[in-house]
Amino acid sequence: MMDESLSYDGALRRPGGDEDGAPDGGDDAQPPPRKRVPGPRCPACHHGNPASRVRCEICGEELWPGGAAVLAPAPPALPLPPEPPARGGSGRVLALVLVPVIVITAVFVLAALLD
């Protein structure tokens, strides 16, 4: 058996409130003052939005008539300048290979002549 005092009825209540959800202290309790946001109020949900917004933060409704219009497309980008032609990289590789070979050969020839 389930105790009736522990049953859950699905209602949300504030902590510290009585059974009907009202806060303790009676009916004279006032809600806290709402923060005033400068800017337009949404025509659909009446949410206060900052002045820089074009659409409502909550529902997305347009705040300024024509403010959410599609902007003109950006002008096409300038073409990139052509890349400079590739320099002869094969001559460098050949020099890096031939110089050590010539030096080593010269060392062996001098060593053979001095014997």
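All values below were derived from every heavy atom in this structure, side-chain atoms included, with hydrogens, water molecules and symmetry-related copies excluded.
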*Between CZ of Arg53 and NE2 of His47, what distance do you get to the nearest 0.5 Å?*
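Arg53 CZ to His47 NE2: 8.5 Å, rounded to 0.5 Å.
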Which heavy atom in [X] sits nearest to a heavy atom in [Y], and how many Å separate them?
{"X": "Glu61", "Y": "Cys42", "value": "CB-SG, 3.7 Å"}
{"X": "Ala95", "Y": "Pro100", "value": "O-CD, 4.3 Å"}
{"X": "His46", "Y": "Arg41", "value": "O-NH1, 3.1 Å"}

*Remaining members of hydrophobic cluster (4.5 Å side-chain criterion), Leu113*: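 Traced through the cluster, Leu113 reaches Val109.
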*How would you list, by chain and number, every residue that makes a side chain to side chain contact (heavy atoms under 4.5 Å, CB included) with Val101, sequence neighbours excluded?*
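So Val101 forms a side chain to side chain contact (heavy atoms under 4.5 Å, CB included) with Thr105.
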*asked:* The criterion is side chain to side chain contact (heavy atoms under 4.5 Å, CB included); which residues satisfy it with Ser52, sequence neighbours excluded?
replied: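 So Ser52 forms a side chain to side chain contact (heavy atoms under 4.5 Å, CB included) with Pro50.
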*When you measure from the side chain of Asn49 to the backbone N and O of Leu63, does any donor-acceptor pair fall under 3.5 Å?*
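No; zero donor-acceptor contacts below 3.5 Å.
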